[in-house]
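Because the structure is a prediction, the values reported are computed rather than measured.
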Amino acid sequence: MKTTYKIILASLAALILMAGMSMRKAVLPQVKLGFIPLTDCAPLVAAKELGLFQKYGVDVVLSKEASWANIRDKILNGELDGAHCLFGMPFSVYTGLGGKAGSEMQIAMVLNNNGQAITLSKDFCGLVGFKEMNKVAAAVKQVQARKEVTFAMTFPGGTHDIWLRNWMAAAGINQKSVGIITIPPPQMVANMRVDNMEGYCVGEPWNGVAATQNIGFTQIATQDIWKHHPEKALVVNKQFATKERENLKNVMKAVLEACQWLDNMGNRKKAAGWLSKPYYVNAALPVIEARLLGSNDLGCELGVQKYKDDYMTFYNKGFVNTPRKVHGMWFLAQYVRFGMLKSNPDFKGIAEKLILDDLYAEVAREAKVPVMTDDMKAFKTTYDVIFDPSNIPAYLASAKK
């Protein structure tokens, strides 16, 4: 009888313990983050798959979205607390290029550097090779002799739009002489296959997929245009950033740890395996894996380009993740440079409003991660003149349009 009584008590204790654990799990604050099927959503995927969000006390739900416009709308209306997002997008939306002017989306941290590319269709195969910038303009004219030439990017004023326009300026292409359209990243390859455009700028794996399927070839990678450029960021709803600051900090700590894990190259095959799954990127594993490891099969019989230190990076001793106001000012200057804005915006004021660099510094200190101190310094991209944030009019006067 005593034995039965003890068994009943033990069972009750176990049930109470399990109920307690379940209640503790249930009270974890839920955070909803969006992502687009691109290789550089890896920090959010890795944080989820490694259980890092739970480790830092937040229950994160990842939501696969169809387009950057979806991400914008859902962050602004609060349906998403934040998302894997183009670094340039908050500036585009705030200035009215990519949304309702004055709408605030805030950058908490940067997720990756490098890892995008410009793909040209087979129309250009044999006319221009990898990084042959001096042949691009002539090749465009040659193709234009028999058809209109249109290029695609993923969001007005976003990173791909600006990398594409910088590439055209460097190559000497009059931007009014070609069409520029907006297409969501996962639809790029299909649209090129049916001849809707002759070139596009997008993140991986969609450049690698075009080369593998013999639809187009990689003419240049974005790290060749600007080595270690900011690309995707963790962009958040303003209400979430102000009213759920501790939850946001915990999300950032989890993502920072995931970024460190991803920059161990021995972990990238495992990450590629996660990313290839249908719910995430849903693309062929070998393509995702190769470009994630810095090996770009260019297509069009151009061979393989191997990147040694400027492949897609996620941490790089904290260099990647520090959000810099000077980069926001650079994007705003590009909008003026290419005639997308008719007058100068408040460069510094907008950057200070949209970049949460103080919050990032606080999180990085607590996570014992270095914070870069190179903000607001002049810098130069590969084919451009020096950008000095203290003298933007001088930059705009000398930069190629």
Side-chain angles (χ1 to χ4, degrees), residues 34-42 44-45 62-75 80 83-89 92-93 97-99 112 115-124 147-165 167-168 178-222 231-232 235 272 275-288 291-292 296 298-300 312:
F35 72 92
I36 292 289
L38 288 161
T39 301
D40 54 25
C41 71
L44 300 191
V45 172
L62 296 184
S63 175
K64 186 175 182 176
E65 301 295 332
S67 69
W68 293 119
N70 267 25
I71 294 269
R72 172 201 59 200
D73 294 345
K74 290 185 177 182
I75 287 179
L80 291 174
H84 151 255
C85 191
L86 302 162
F87 182 89
M89 199 163 133
S92 164
V93 172
L97 294 177
N112 73 291
Q116 324 296 298
I118 290 176
T119 288
L120 296 180
S121 72
K122 290 181 68 179
D123 290 307
F124 290 89
K147 63 190 294 192
E148 292 183 359
V149 170
T150 299
F151 295 118
M153 47 77 189
T154 63
F155 190 84
T159 50
H160 303 124
D161 187 14
I162 298 307
W163 310 146
L164 178 68
R165 292 178 189 275
W167 172 76
M168 285 194 281
V178 298
I180 299 177
I181 59 175
T182 303
I183 292 180
Q187 297 175 25
M188 286 292 188
V189 176
N191 274 271
M192 182 169 275
R193 183 183 289 116
V194 297
D195 207 24
N196 277 345
M197 73 286 211
E198 286 66 44
Y200 61 73
C201 183
V202 74
E204 298 300 346
W206 306 116
N207 301 287
V209 170
T212 301
Q213 296 184 3
N214 198 27
I215 291 167
F217 66 97
T218 301
Q219 200 280 320
I220 195 167
T222 53
E231 180 50 46
K232 300 303 186 301
V235 172
L275 292 166
S276 68
K277 292 180 180 177
Y279 182 70
Y280 293 128
V281 179
N282 194 24
L285 173 61
V287 179
I288 295 176
R291 296 217 169 191
L292 200 50
N296 291 9
L298 303 170
C300 198
M312 187 180 291

(message) I'd like to check the side-chain hydrogen bond (donor to acceptor under 3.5 Å, both in side chains) partners of S276; sequence neighbours left out, ordered by chain and number.
(response) none
(message) Under the rule for side chain to side chain contact (heavy atoms under 4.5 Å, CB included), what residues qualify as partners of K64, not counting sequence neighbours?
(response) F35, P37, Y279, N282
(message) So which atom in G98 and which in F155 form the shortest heavy-atom distance, rounded to 0.1 Å?
(response) O-CZ, 3.1 Å
(message) If the condition is side chain to side chain contact (heavy atoms under 4.5 Å, CB included), which residues does A284 pass it with, not counting sequence neighbours?
(response) P286, V287
(request) Could you list the residues that satisfy side-chain hydrogen bond (donor to acceptor under 3.5 Å, both in side chains) with D40, not counting sequence neighbours? (result) H84, Q116, K232
(request) Could you pull out all residues at least two apart from E148 that satisfy side chain to side chain contact (heavy atoms under 4.5 Å, CB included)? (result) none
(message) Strictly by salt bridge (charged side-chain N to carboxylate O under 4.0 Å, His left out), give each pair with a member in residues 212-221 just once, sequence neighbours left out.
(response) none
(request) Name all residues meeting the side-chain hydrogen bond (donor to acceptor under 3.5 Å, both in side chains) criterion together with D161; count only those two or more places apart in sequence or in a different chain, and write none if there are none. (result) R165
(message) So, using salt bridge (Lys or Arg N to Asp or Glu O under 4.0 Å) as the criterion, who are the partners of R291 when residues are at least two apart?
(response) E204
(request) Taking salt bridge (Lys or Arg N to Asp or Glu O under 4.0 Å) as the test, write out the residues that go with D195, two or more places apart. (result) K147
(request) Please identify each residue that fulfils side-chain hydrogen bond (donor to acceptor under 3.5 Å, both in side chains) with E65, with sequence neighbours left out. (result) S63, K74
(message) Going by salt bridge (Lys or Arg N to Asp or Glu O under 4.0 Å), name the residues that satisfy it together with E231, two or more places apart in sequence or in a different chain.
(response) none
(message) Using the rule side chain to side chain contact (heavy atoms under 4.5 Å, CB included), only one of L164, L86, V202, T222 pairs with T159; which is it?
(response) L86
(message) Going by side chain to side chain contact (heavy atoms under 4.5 Å, CB included), name the residues that satisfy it together with N196, two or more places apart in sequence or in a different chain.
(response) N191, V194
(request) Grab the two heavy atoms, one from M89 and one from W68, that are nearest each other, plus how far apart they are. (result) CE-O, 3.2 Å
